[in-house]
Structures are given as C-alpha cells and as structure tokens.
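Below is one structure, written out as structure tokens; comments come after it.
Every chain is numbered from 1 and lettered A, B, ... according to where its sequence line falls, protein lines coming before strand lines. Note that the structure is predicted; figures quoted are calculated from it, not measured.
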Protein chains: 2
Amino acid sequence: MDAPPAPRAPADGTRTRIVRAAAVLMQRQGYEATGIKRIAQDAGATLGSVYHFFPGGKKELAVEALRHGAQEFTDLLRTGLDSSDDPAEAVAECARLLARTLRDSDWTDGCPVAATALEFIGRSPAIQLASEEALGRWRELLAGKLGAAGISDEVARELACSVLSTLEGAELLCRVSASEEPLHIAGRHLARLIRSF
Amino acid sequence: MDAPPAPRAPADGTRTRIVRAAAVLMQRQGYEATGIKRIAQDAGATLGSVYHFFPGGKKELAVEALRHGAQEFTDLLRTGLDSSDDPAEAVAECARLLARTLRDSDWTDGCPVAATALEFIGRSPAIQLASEEALGRWRELLAGKLGAAGISDEVARELACSVLSTLEGAELLCRVSASEEPLHIAGRHLARLIRSF
DNA sequence: GTCTATATCTCGATAGAC
DNA sequence: GTCTATCGAGATATAGAC
C-alpha cells in the first residue's frame, strides 16, 4: 500500500491552484483590482493555462472562485455551529471563529463573496447569482441549526437572515477598523436575540 | 429682492458635481470599476477639470467622494432616528428608509463606503481611514440616540455597533437578492434586541 | 478654469510553438 | 497542457493652448 497523500498535496491540479489563488485575491480586494496575470503568478501557473481551463476568461474564473470560497466559508460556519447544541452559543462561536480568522490573516480573509458581489450588483447576472446562492446556503445552514433546536421554521428562517446580516456587517466593521470588537459584540447580541425566542 | 435659488441649483460648482458623480459611481460599483473619464462625463465636466480640482488623481477624488457619500448617509440615518422618541422604533424606521431607498434605486444606492472600503483593506491608509471615520460617525450617531433614551453609555455604544453591523449586512443581502426582506427582518429584530435592555 | 490631444502603462485576451 | 510573445483596448495621468 502506498503512503497516504500529504494533507496539502503539492500535486494539486493546476486548475485547482488557479481557482484557489483567484478566490483569495478576490476575497481580499474584489474582482476589478485582481488581474489575471497576478492570479496565474500566485497559482504558479502561466497565462496560457488560465485560458486553457477557463476559455470564458476572467468572469468565468470568478464565478468558480466565488463557489470555491463559498464552500470554505460554509465549512467554517459548520465548524462553529457544530460546537454546541445550544444555537445561541453556536452562533457566538461562529462569531469568535470569524474574528480569529480575520485577525490571523491581517484582516484580509473575510467573507469570500462580499467585495466582488458589491462590485456587480445589477451588472452581471452570473456573478450576482453565484453570490446569491452562497448567501442563501449560509442562511439555510443557520436556519437548520435554529430549527433543530426547536425554533419554528418561520422564526428560524427569519432569525437566520438577521444572524447572517449581522455577521456580514460585523466582518466589514472589523476589517475596516482592524479590530475584533464588532464581531465579539455581535456574537453576544445575537446569542441574546436567539435566546429571546 | 432676487428670486430664491432653485432647490437643486444648476449652477452647482464643477468641483461639487465631480465629487457627487464619483460618490454615486463608487457606491454602485466600487472604486476600481469606476473610470475617471466616466466620472467626468457624468459630472458634465472634462478630464482637465477633474485633475485641476484633484491634482492627487483618482485616489484623492475617491477620499472626497467617500466623505460626501458618508454625509448623505448620515442625513438619512438622522431622518430615521428623528422619527420617534423610542429608539427601537427609530432604528426600525432607519431600516425601512434604507430598504425603500435601495428599492427605488434598483438596489444601487446602498452604503456609500462598503464597496470601496472592501477593495482597500490594508492597501490604502487614506481610503481605509475615510471609511473608518464614516462608520465611526454612524456608530456615534446611533449610540447618541440610544443613550438619550436612558440606556447606559457602555451598553449604548455596544448596541450601536451591532445595529450598524446588522444594517450594513442586511443592505448587502438586500442588494444581492434584490429584495427588501433582509432589511425589514433586521429592523424587527433590532427593535426587539434594543427593547430587551 | 476649461478643453483637446496625447503619453504611458496595464489590462484581458489571443496565437502558435512545443 | 504549458509556455512566450504580442495584440488592441482602455486605464490614469500629463501637456499646453485658450
């Protein structure tokens, strides 16, 4: 039997490395500020490879990068939500996880879709749809956790919406002010709100 | 006595028109997607005039545009907050005002700093500082309203932070999903949270 | 202060050898 | 699949007449 693959295999496919590099750059500075040449460079690939895998060009790559980043954010949320049976405590843990991730990355690794989504409101159906799907899945994930704790479906869906809104906004405030405070405060207030139902 | 000036004077200074046009475009699509030629065109000015008033170029204009947009957003918040003595009701009215403004503008006229701020986290001290100042003033405005209603200064400052986070995040969700729902839900939940103190 | 023309650069995208 | 060279367009910024 062969040795198991390394956790972060250097033999990751070129296509995967390109998508990952694009996702990171777009998360940090949005779509327009991110050049394809820089993406190729960070991915250790050439420009020709980028257009080989994404003949539709930058927009096509961006949609895939959004999906990739959204999946990683989903995993982070799931980790936080799985940390406790109490949904109020679980949401507070999500806020702590997000705050730690932001601080450890020098306030760069926030929501993977926010910056790009805001650049394309009403200007690109493909990008907007990918962003909407990401936000929708996070809302459903949160609603599921709240519903599993006995909150009615209707209330859970609305609460999930506000939890997501607050976490997204608090991330913006944290990044702009280079401080964990907004997310920590948000976590406490969201726990209080959830417990009031 | 001369006739009073028109409410929206066509004789607005060229400089003011440039700043306004820049603020609108940056609010809708961020900094990088906004070209100086387009700004000049929308302002009814020439490229030469832009560089005459802003010799520092696009970045210098952007800082001024952020300040201009922030002031307008402050006025909107103040209108909402003045609508009721009850801070819970006043915050809910702010959410309604933001939702209406978004819908009436086809989801383009949201927070005037969010898109640009996210493009420049850790990459431009001037832009980041202008964004931070805007968010800080909105937080103080909200904290003042809460404090005036008898909430302790410490609690009011923290509540104001979460109110702002939630409104910012709900605006993002509204714009991406082209729906007023997230802001309406946020208004109700924020009112409930405020009344719990 | 306003305007036109243009310099300079970088972008996304393509072509074609290997 | 990978690479280099390059195209054409559009960006910011500048120069200088008026």
If you draw a 6.0 Å radius around [atom1] in [X], do more than 12 non-hydrogen atoms from other residues or ligands fall strictly inside?
X: Asp85(B); atom1: CG; value: no
X: Arg103(A); atom1: CZ; value: yes
X: Asp153(B); atom1: CG; value: no

Next on the checklist: With a strict under 4.0 Å distance from non-hydrogen atoms of chain A, what nucleotide opens and what nucleotide closes the contacted stretch of DNA chain C, reading 5' to 3'?
Outcome noted: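 Endpoints of the contacted stretch of DNA chain C: dC11(C) to dT14(C).
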
Next on the checklist: Going by the rule ring-ring contact (aromatic ring centres under 6.0 Å, His included), which residues pair with Phe73(A) if we only count those two or more places apart in sequence or in a different chain?
Outcome noted: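 ring-ring contact (aromatic ring centres under 6.0 Å, His included) list for Phe73(A), sorted by chain: Trp138(A).
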
Checklist entry - Base, backbone or nothing for each nucleotide of nucleotides 7-13 of chain D, written B, S, -, heavy atoms under 4.0 angstrom, 5' to 3'? => result ----BBB

Checklist entry - Are side-chain N/O atoms of Arg38(B) and Gln29(B) paired as donor and acceptor at under 3.5 Å? => result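 Note: Arg38(B) and Gln29(B) side chains miss the donor-acceptor criterion.
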
Next on the checklist: I'd like to know whether Lys59(A) forms a side-chain contact (heavy atoms from CB on, under 4.5 Å) with Ile127(A), so could you lay out the CA-CA distance, the side-chain angles of the two residues, the decisive distance to 0.1 Å, and finally the verdict.
Outcome noted: CA-CA 8 Å; Lys59(A) 281 254 180 70; Ile127(A) 301 274; 4.3 Å; yes

Next on the checklist: Restricting to non-hydrogen atoms, name the atom on Arg195(B) and the atom on Asp86(B) that form the minimum distance, rounded to 0.1 Å.
Outcome noted: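 Taking Arg195(B) first and Asp86(B) second, the nearest heavy atoms are NH2-OD2, 3.3 Å.
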
